[in-house]
Protein chains: 2
Amino acid sequence: MKGEREGLKCADISSELLEIQRMSEDDCKRELSRLSKGLAHPARVEIVRILENKPLDKRCVCGDIVNALPLAQSSVSQHLKVLKETGWIQGEIDGPRVCYCTIKGMSEYYLALMNRALHGV
Amino acid sequence: MKGEREGLKCADISSELLEIQRMSEDDCKRELSRLSKGLAHPARVEIVRILENKPLDKRCVCGDIVNALPLAQSSVSQHLKVLKETGWIQGEIDGPRVCYCTIKGMSEYYLALMNRALHGV
DNA sequence: ATCGTTTATCGTAGATATACGATAATAAGA
DNA sequence: TCTTATTATCGTATATCTACGATAAACGAT
């Protein structure tokens, strides 16, 4: 399957870019506010940054993220949940661990959403 | 003064674009999450959309925004306050009214912030 | 089967967000 | 001055967010 790497297949939202034009205005605004809420906390911005900058051949499990943040494990787990629900990241169970990665093309998707929601383009 | 139009001078953040490179990583993440929180509600996205799409020769007072949203005046006023605090809009008192407009170049500023906070660019 | 590791979920406490009606503040106009 | 129009703020109720420790669930290894 395309996009597979080291056993972890990261979703790619690039193909959804054109779908934005077909969304209703209300859906567009809801979608933009949903994604914005995902980044509305410094810890979550940091998590996305970590996952975006991770080398392609390295994997990043929950524990790695916990170690990188000054928060309790349960708090980090909650932030990961929010990022999953708002569509920024993806998690894949690997034995007792969970391997996380960002959704490919999400930044571009976010920008296109913003352009359409705010400027009607 | 540059940027003045119909008596309302809208701030322009374009000149701050280069400052982003000089911000600390933490400030960058805080700034990105702050701006994201501004758009983290559909009503606020709609307000920014209204102000972005307003003809340059027309002004937009609080009452216009209240009429465009299905919310009570006090709720809209609160959302306007959040948008002011997070840096998306600006208000100028004009008699008993308050005239609102977006900050010029904010979308570009937001994107640059995102690029640096998430990708270190 | 049992133990240790890893991660999600539960329970909880305090803070913040969201909505509304009511009220206060400000300015224009009669 | 008094009234009207406009907008911000107050008070309040409910919901969501954020953090933590404790516990549960899932899995590999012994």
Side-chain angles (χ1 to χ4, degrees), chain A residues 6-8 26 29-30 32-48 50-51 54 58-101, chain B residues 6-8 26 29-30 32-48 50-51 54 58-101:
Chain A
E6 292 285 309
L8 172 61
D26 273 11
K29 282 180 280 186
R30 265 191 293 270
L32 178 60
S33 61
R34 194 173 57 84
L35 282 172
S36 298
K37 191 174 287 189
L39 296 186
H41 192 288
R44 293 200 290 271
V45 171
E46 171 66 3
I47 291 173
V48 174
I50 288 171
L51 294 178
K54 153 186 83 69
K58 289 259 165 52
R59 54 180 222 163
C60 191
V61 298
C62 175
D64 299 332
I65 299 170
V66 170
N67 289 334
L69 293 178
L71 291 172
Q73 178 266 326
S74 56
S75 305
V76 173
S77 196
Q78 270 183 321
H79 282 305
L80 289 169
K81 190 179 181 185
V82 172
L83 285 172
K84 262 195 292 182
E85 286 169 353
T86 53
W88 281 98
I89 68 171
Q90 186 190 24
E92 188 182 76
I93 295 170
D94 172 32
R97 276 165 272 264
V98 177
C99 191
Y100 285 100
C101 65
Chain B
E6 293 283 310
L8 173 61
D26 274 10
K29 283 180 277 186
R30 265 190 293 268
L32 178 59
S33 60
R34 195 172 56 85
L35 281 173
S36 298
K37 191 174 287 188
L39 294 187
H41 193 289
R44 293 200 290 270
V45 170
E46 170 67 3
I47 291 172
V48 174
I50 289 172
L51 294 178
K54 154 184 83 68
K58 289 258 165 52
R59 52 179 224 162
C60 192
V61 297
C62 175
D64 299 331
I65 299 170
V66 171
N67 290 333
L69 292 179
L71 291 172
Q73 178 265 327
S74 56
S75 303
V76 174
S77 196
Q78 269 183 324
H79 283 304
L80 288 168
K81 189 179 181 184
V82 172
L83 284 172
K84 262 195 292 183
E85 287 169 353
T86 52
W88 281 98
I89 68 171
Q90 186 192 26
E92 188 181 77
I93 295 170
D94 172 32
R97 276 166 273 265
V98 177
C99 190
Y100 284 101
C101 65

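The analysis underlying the following values was restricted to heavy atoms, covering all of them including side chains, and did not include hydrogens, waters or symmetry mates. Per chain, numbering begins at 1; letters A, B, ... match sequence-line order.
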In Å, rounded to the nearest 0.5 Å, how long is the span from [atom1] of [X] to [atom2] of [Y]?
{"X": "B:I65", "Y": "B:I89", "atom1": "CD1", "atom2": "CD1", "answer": "6.0 Å"}
{"X": "A:Y100", "Y": "A:I47", "atom1": "OH", "atom2": "CD1", "answer": "9.0 Å"}
{"X": "A:L83", "Y": "A:L35", "atom1": "CG", "atom2": "CG", "answer": "10.5 Å"}
{"X": "A:K54", "Y": "A:R59", "atom1": "NZ", "atom2": "CZ", "answer": "10.5 Å"}
{"X": "A:S36", "Y": "B:L32", "atom1": "OG", "atom2": "CG", "answer": "9.5 Å"}
{"X": "B:E46", "Y": "B:L51", "atom1": "CD", "atom2": "CG", "answer": "9.5 Å"}

Please state how far atom [atom1] in [X] lies from atom [atom2] in [N], giving the value in whole angstrom units.
{"X": "A:D64", "N": "C:dT7", "atom1": "CG", "atom2": "C1'", "result": "13 Å"}
{"X": "A:E92", "N": "C:dA8", "atom1": "CD", "atom2": "C1'", "result": "17 Å"}
{"X": "A:L83", "N": "D:dT18", "atom1": "CG", "atom2": "P", "result": "11 Å"}
{"X": "A:I89", "N": "C:dT7", "atom1": "CD1", "atom2": "P", "result": "13 Å"}
{"X": "A:K81", "N": "D:dT16", "atom1": "NZ", "atom2": "P", "result": "13 Å"}
{"X": "B:I93", "N": "C:dA25", "atom1": "CD1", "atom2": "P", "result": "15 Å"}
{"X": "A:R59", "N": "C:dT7", "atom1": "CZ", "atom2": "P", "result": "9 Å"}
{"X": "B:D94", "N": "C:dA25", "atom1": "CG", "atom2": "P", "result": "22 Å"}

Can a side chain N or O of B:Y100 be found less than 4.0 Å away from OP1 or OP2 on D:dT6?
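No, no such contact exists.
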Given D:dT6, is OP1 or OP2 found less than 4.0 Å from the side-chain N or O atoms of B:R97?
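Checking B:R97 against D:dT6: at least one side-chain N or O falls below 4.0 Å of OP1 or OP2.
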Per B:P96 side chain, nearest of listed nucleotides C:dT5, D:dA5, C:dA8:
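Closest nucleotide to the B:P96 side chain: D:dA5.
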Evaluate the side-chain proximity of B:Q73 to B:S77: yes if any heavy-atom separation is below 4.5 Å, no if none is.
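Touching, per the 4.5 Å side-chain cut-off.
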Can you name the atoms? Protein N/O to nucleotides 14-24 of chain C N/O, anything below 3.5 Å, with the distance.
{"from": "C:dT18", "atom 1": "OP2", "to": "B:R44", "atom 2": "NH1", "distance (Å)": "2.9"}
{"from": "C:dA19", "atom 1": "OP1", "to": "B:H41", "atom 2": "NE2", "distance (Å)": "3.4"}
{"from": "C:dA19", "atom 1": "OP2", "to": "B:H79", "atom 2": "NE2", "distance (Å)": "2.5"}
{"from": "C:dA19", "atom 1": "N7", "to": "B:Q78", "atom 2": "OE1", "distance (Å)": "3.0"}
{"from": "C:dC20", "atom 1": "OP2", "to": "B:A72", "atom 2": "N", "distance (Å)": "2.9"}
{"from": "C:dC20", "atom 1": "OP2", "to": "B:S75", "atom 2": "OG", "distance (Å)": "3.0"}
{"from": "C:dG21", "atom 1": "N7", "to": "B:S74", "atom 2": "OG", "distance (Å)": "3.3"}
{"from": "C:dG21", "atom 1": "O6", "to": "B:S74", "atom 2": "OG", "distance (Å)": "3.2"}

Remember a base hit wins even if backbone is also touched, and classify B:V66 as base, sugar-phosphate or nothing at under 4.0 Å, heavy atoms.
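Here B:V66 touches no strand at all.
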